[in-house]
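Worksheet: the structure to be examined is printed underneath.
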Amino acid sequence: MLNKTVRIMECSRVFALPMTVLSWLVVFVFSFLDSGNSFLGLISLIGLCFAHLGANVLDDYFDYKSLIKQVGFDKSEYLKNSQKTKCRYLVAGVIKPKDLLLLGGVYLLLALAIGVFLYLKCGIGVIYFAFIGGIIALLYPFLSRIRLSEVLVATAYGPALFGGVYYVMTGTYEPEAFWLSLPSMFMTVVLLYAHTVMDYNYDKYEGKKTLANTFSSMEKSLVVLKILYIAAYFSLILLCILDILDWQVFIVFLTVPLAIDLYKSLKEFSTNPESVPAKKWYHFPMEYRERFEKSGEACFMIRIYQARNLMIYFSLLFVISILLSLGL
């Protein structure tokens, strides 16, 4: 039973849930300080997590279906590539495609059930935000193949998530919640884009069109990362200009060295994909690093952790700045 549960968690990509939890935490704290209902906020988190897991599962299922249709697809060669973690459990036969599709359906039904509960408690606004989230979850596997991944993730983790949670907790629509979503939204897209950059060659080979591989080289695609950084940090200043938060928001700029470190790491990867980033004191948490180094996955996974950790620290400091600005 334990092994089966672990397998389901791995297939669902549970490791990606911090994206949802931390984005939710930012707007949860903001809404709570605005007299929001914390119980309904916590219920919304459960629904968001189920929706996220459902989207992950469906994305893998349709990617797998597209993968095996390719001329010359070689199962054994694919499994040798340590970087290609998506669909590995399907290609290896760990789980059957129909079972994965069923799992995705269960996740989305649970998210729907929570959405119905929140609709009954909070009103019609829940339907609007849930509709946006549902459309993104269902269409992501297809639209992500035509350079719309970043747009979809920005919409889901920006106005949809922040506006929805704020509405559930306070019963109102508030433009401030949408402005507040901008820093987290851009930093979440950074995490996605870092992954896409490293998949530059593989996505091209598989015929998948991404924002990164529209550029003539992996190194040139990093200009988008710079733009996302500028947007994320400038939007923090914008929150002060709009008088939504106070000067305390500038503590989030403590993450700038981590952002620079990620950029340099990805630039090194663009010229030498086999390079492994040097271990530094601020590279934590880095779970399973030794295992990745032995399996040859370190060059890819350590950089994924760098991007993930940047998003974690950025979000936590953002939460602290909200508490200092509005709660004290």
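Taking the six-membered ring where the residue is Trp, F39 and F117 present perpendicular rings, their angle passing 60° and hence far from 30°. Ring planes of F142 and F62: tilted class, angle from 30 to 60°.
Under the 4.5 Å side-chain heavy-atom criterion for Ile, Leu, Val, Met, Phe, Trp and Tyr, V116 and Y128 are members of the same hydrophobic cluster. L238 and I230 are assigned to two separate hydrophobic clusters, defined by single-linkage of ILVMFWY side chains at heavy-atom distances under 4.5 Å. A single hydrophobic cluster is seen to contain both I46 and V168, as judged by linkage of ILVMFWY side chains at heavy-atom distances under 4.5 Å, directly or through other members. Cluster membership check: L138 shares its hydrophobic cluster with L101, using side-chain heavy-atom separations under 4.5 Å among Ile, Leu, Val, Met, Phe, Trp and Tyr. Residues V106 and L100 share a single hydrophobic cluster, defined by chaining ILVMFWY side chains whose heavy atoms lie under 4.5 Å apart.
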side-chain contact (heavy atoms from CB on, under 4.5 Å) between I237 and F253, worked out: CA-CA 10 Å; I237 300 173; F253 279 76; 4.1 Å; yes
Run L108 and F50 through side-chain contact (heavy atoms from CB on, under 4.5 Å) and show every step you take. CA-CA 6 Å; L108 293 181; F50 280 134; over 6 Å; no
I would like to know whether Y263 and K226 meet side-chain contact (heavy atoms from CB on, under 4.5 Å); could you show each step before the answer? CA-CA 8 Å; Y263 178 83; K226 291 181 180 179; 3.0 Å; yes
Verify side-chain contact (heavy atoms from CB on, under 4.5 Å) between L317 and L254, making sure each step is shown before the conclusion. CA-CA 8 Å; L317 287 174; L254 291 172; 4.1 Å; yes
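For the pair Y313/Y282, no side-chain contact is recorded, criterion being any heavy-atom separation below 4.5 Å from C-beta on. Contact check for L239 versus P183: side-chain heavy atoms found under the 4.5 Å cut-off. Taking 4.5 Å as the limit, some side-chain heavy atom of Y140 sits within range of a side-chain heavy atom of V153. Side-chain atoms of E176 and L242, non-hydrogen and from C-beta on, never get closer than 4.5 Å to each other. D261 is not listed as a side-chain neighbour of L310, based on a closest heavy-atom distance of 4.5 Å or more. Looking at C240 and V249, their side chains come closer than 4.5 Å, going by heavy atoms from C-beta outward. Two residues are said to be in side-chain contact when any heavy atoms from C-beta on lie closer than 4.5 Å; L191 and R308 meet this criterion. Side-chain contact between S235 and M187 is absent, with no heavy atoms from C-beta onward closer than 4.5 Å.
Taken from OG in S270 to CG in L222, the straight-line distance is 5.5 Å, to the nearest 0.5 Å. For the atom pair S184 OG and F314 CZ, the distance stands at 6.0 Å (nearest 0.5 Å). To the nearest 0.5 angstrom, Y200 atom OH is 11.5 Å from L211 atom CG. Of the inter-residue distances, the one linking I95 atom CD1 with Y61 atom OH reads 12.0 Å to the nearest 0.5 angstrom. Atom OG1 of T188 and atom CD of E150 lie 12.5 Å apart (nearest 0.5 Å). One distance of note links CG of N56 with CG of L17; it measures 7.5 Å at 0.5 Å rounding.
For an aromatic pair to be called close, the ring centres must be under 6.0 Å apart, and F178 with F162 fails this.
Judged purely by atom type and a 3.5 angstrom limit, N309 uses its side chain to pair as donor or acceptor with the backbone of F284. In this structure a side-chain-to-backbone donor-acceptor pair under 3.5 Å is missing from S31 to F28. A distance-only check finds a donor-acceptor pair linking the side chain of W24 to the backbone of G41 [under 3.5 Å]. Checking side-chain atoms of N213 against main-chain N and O of N201 turns up no donor-acceptor pair under 3.5 Å. Between the side chain of T255 and the backbone N or O of L258 there is no donor-acceptor pair closer than 3.5 Å. A donor-acceptor pair is defined here as one N or O able to donate and one able to accept, closer than 3.5 Å; no such pair exists between the side chain of S23 and the backbone of T20. Under a 3.5 Å cut-off, the side chain of R303 and the backbone N or O of S265 do form a donor-acceptor pair. Not one N or O on the side chain of Y166 forms a donor-acceptor pair closer than 3.5 Å with the backbone of A177.
Contact between I244 and W179 at its shortest, heavy atoms only, is CD1-CB, 3.5 Å. Of all heavy-atom pairs spanning M311 and M19, the tightest one is CE-O, 3.6 Å. The minimum heavy-atom distance between S144 and S149, with the atom names listed, is CB-OG, 3.0 Å. Listed here is the closest heavy atom pair of T170 and D34: CG2-O, 4.2 Å. The shortest heavy-atom contact between T196 and A212 is CG2-CB, 3.8 Å. Of all heavy-atom pairs between D199 and F300, the closest is OD1-CE1, 4.1 Å.
Residues Y157 and S181 have side chains that never bring a donor and an acceptor to within less than 3.5 angstrom of each other.
Applying the 6.0 Å contact sphere to NZ of K204 captures more than 12 heavy atoms from other residues, nucleotides or ligands.
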